[in-house]
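Scroll down for the structure; my scribbles are underneath it.
All residue numbers refer to positions in the sequence shown, counting from 1. Note that these values count all heavy atoms, side chains included, but never hydrogens, waters or copies made by symmetry.
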Amino acid sequence: MDRRGFVAASSAYALAALGLPDPEGLLRRVRLKSAGTVQVGRGEVAAVRQMTKSLGDAAAELGGGHARHLAVRYLHEDVAPWLDGTWTEAVGRDLFAATSQLVHLAGWMAQDEGNQDAAQQYYAHSFRLASEASDAELAATALRGLAVQAIDLGFRTTAVRIAEDCVNQAKNLDDPRAVAYYQATLANAAALDGDRPTATRSLTNSQTSIERATGAPSDSWASHYSIGRWAHEAGMILAQLSDYTSAQDHLHHALDIHGLDRRRTRAIVLADLGTVRLRQDDVDGALASWTDFLDCADGIRSIKVKDAVHDIRARLYRLRDVPGVEELDERASALE
């Protein structure tokens with residue numbers, strides 16, 4: 001799907017386009033005991049969550065293009081029969097919530113390998129499953145996926161409206177990490193739309209929340225949103241607002257102080273840091289960051305990494321008379 005194929009939406013997008021059932025029918029499947037033949041219990045729910053974690057860990061390290069077919073196959077061959085099986089209401093809710101996470105992961109993987117149409121559909125299904133399970137955090141996370149997709153594709157007003165729906169969906173959550181996650185998404189969308197007051201306010205709200213987050217283990221779907229990942233996102237929001245000095249400080253925090261435990265994430269931050277340094281006329285610093293990026297990015301299958309390579313090569317062309325640039329460009333070309 002090209003950019004024009006993405007639904008340019010009004011504020012009703014997050015509900016109408018997702019094809020939500022009527023309110024009375026929303027929980028119909030989990031209120032009634034299914035008449036299926038497969039007996040489903042806590043063990044199956046735990047299996048879905050463990051598989052989602054394992055596949056998510058691999059994708060976060062190596063990119064969504066590596067294992068999406070495994071997630072989709074597991075979803076269709078194993079999880080689908082359980083959804084049609086026999087379970088109690090409590091197990092059914094947990095099963096739908098766990099499946100929402102798996103479907104969201106499949107959407108993220110599709111988006112990370114550049115399949116925007118499939119990603120949109122997976123996020124929509126994830127939202128519906130989360131809503132049927134009455135899980136506000138998972139529903140908000142699915143909306144966040146759609147908002148980030150709209151941001152990446154440049155649909156500014158659509159991104160803002162979905163991000164606002166995402167924040168509203170999570171308004172009653174008390175997990176500071178989750179609140180920071182969604183407020184940063186709204187800040188990102190507002191910055192893209194040129195709405196500096198909203199971007200600044202939402203980024204401040206996000207920072208307040210992430211600073212309240214503890215390092216204690218959590219079952220929250222937003223538990224991966226560490227202070228380091230927040231610092232990266234905040235840095236790029238600040239860059240959109242042309243505050244390059246603060247942006248570079250945040251990216252340094254992400255890399256050097258808090259650390260980043262995933263190679264894909266670290267590669268993207270290094271690429272972004274190089275761009276921010278170049279905008280500050282620090283050519284040597286930009287080249288050093290991009291060299292580190294190339295060291296980190298080899299073998300990663302991610303559209304974001306590919307886009308970063310294209311962006312770097314375009315900028316290197318303008319620097320082609322600088323010593324060492326030709327060699328760096330040759331290295332970058334091997335990753336295209």
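Taking both residues in full, the closest heavy atoms of Ala163 and Ala147 are given as N-CB, 3.9 Å, listed atom of the first, atom of the second, then distance. Across all their heavy atoms, Ile151 and Ala189 have their closest contact at CD1-N, 3.8 Å. Nearest heavy atom pair, residue Ala267 against residue Cys296, reads N-SG, 3.8 Å. The shortest heavy-atom contact between Gly228 and Ala254 is O-CB, 3.4 Å. Taking all atoms of both residues into account, the shortest heavy-atom contact from Ile237 to Ala184 is CD1-O, 3.6 Å. Of all the heavy atoms in Lys304 and Ile268, the pair that sits closest is CB-CD1, 3.8 Å.
Under the 3.5 Å distance criterion, with hydrogens and angles disregarded, no donor-acceptor pair is assigned to the side chains of Gln101 and Arg49. With no hydrogens or angles considered, a side-chain donor-acceptor pair links Ser289 and Arg277 at under 3.5 Å. Inspection of the Gln149 and Gln111 side chains reveals no N or O donor paired with an N or O acceptor under 3.5 Å. Using modelled atom types, one finds no donor on one side chain facing an acceptor on the other under 3.5 Å when comparing Gln120 with Gln116.
The distance from atom CG of Asp175 to atom CZ of Arg212, rounded to the nearest 0.5 Å, is 9.0 Å. Separating the CG atom in Leu102 from the CG atom in Leu75 is a distance of 5.0 Å, to the nearest 0.5 Å. Taken to the nearest 0.5 Å, the OG atom of Ser54 stands 10.5 Å off from the CG atom of Leu105. Here the CG-CG distance, from Leu241 to Leu203, works out to 8.0 Å after rounding to the nearest 0.5 Å. For the atom pair Tyr182 OH and Asp165 CG, the distance stands at 14.0 Å (nearest 0.5 Å). Taken from CD in Glu132 to OG1 in Thr99, the straight-line distance is 10.5 Å, to the nearest 0.5 Å.
Under a 3.5 Å cut-off, the side chain of Asp112 and the backbone N or O of Gly64 do form a donor-acceptor pair. Arg177 places a side-chain N or O within 3.5 Å of a backbone atom of Tyr225 that can act as its donor or acceptor partner. Using a distance-only test at 3.5 Å, with no hydrogens or angles considered, no donor-acceptor pair links the side chain of Arg301 to the main chain of Ala67. Put simply, the side chain of Trp230 never gets that close to the backbone of Ala180: no donor and acceptor are under 3.5 Å apart. With Ser126 contributing its side chain and Ala142 its backbone, the two residues share no donor-acceptor pair below 3.5 Å. In this structure, Arg315 contributes its side chain and Ile312 its backbone to no donor-acceptor pair below 3.5 Å.
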Apply side-chain contact (heavy atoms from CB on, under 4.5 Å) to residues Val283 and Leu278 and explain how you reach the verdict.
CA-CA 5 Å; Val283 174; Leu278 186 64; 4.1 Å; yes
When you look at His232 and Arg229, which way does the side-chain hydrogen bond (donor to acceptor under 3.5 Å, both in side chains) test go after all the steps?
CA-CA 5 Å; His232 174 215; Arg229 286 175 172 79; over 6 Å; no
Does the side-chain contact (heavy atoms from CB on, under 4.5 Å) test come out yes or no for Tyr181 and Arg144, once each step is laid out?
CA-CA 9 Å; Tyr181 195 36; Arg144 181 190 179 276; 3.3 Å; yes
Applying side-chain contact (heavy atoms from CB on, under 4.5 Å) to Val269 and Leu251, what does each step give before you reach the verdict?
CA-CA 7 Å; Val269 177; Leu251 296 180; 4.2 Å; yes
With side-chain contact (heavy atoms from CB on, under 4.5 Å) as the test, would you mind laying out the steps for Val48 and Glu44 before giving the verdict?
CA-CA 6 Å; Val48 176; Glu44 284 74 19; 5.7 Å; no
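Among residues at least two apart or in separate chains, side chain to side chain donor-acceptor pair (under 3.5 Å) pairs with a member in residues 65-82 are Arg68-Glu113. A side chain to side chain donor-acceptor pair (under 3.5 Å) check over residues 322-336, counting only residues at least two apart or in different chains, returns the pairs Asp295-Arg331, His310-Glu336, Arg313-Asp329, Arg313-Glu336.
The shortest side-chain heavy-atom distance between Leu62 and Arg264 does not fall under the 4.5 Å cut-off. Here the side chains of Thr141 and Phe127 are not in contact, with every heavy-atom distance at 4.5 Å or above. Under the 4.5 Å side-chain criterion, counting only non-hydrogen atoms from C-beta, Asp135 is not in contact with Leu129. Looking at heavy atoms from C-beta onward, His252 lies in side-chain contact with Leu273 at the 4.5 angstrom threshold. Put simply, the side chain of Leu316 reaches to within 4.5 Å of the side chain of Trp290, judged on heavy atoms. Looking at heavy atoms from C-beta onward, Asp193 lies in side-chain contact with Thr157 at the 4.5 angstrom threshold.
Note on Arg262 versus Asp57: salt bridge recorded, some NZ/NE/NH1/NH2 to OD/OE distance being below 4.0 Å.
Between Tyr123 and His104, a ring centre-to-centre spacing shorter than 6.0 Å is recorded.
For the pair Arg93 and Phe96, the cation does not sit on the ring face, since its NZ or CZ is not both under 6.0 Å from the ring centre and inside 45° of the axis.
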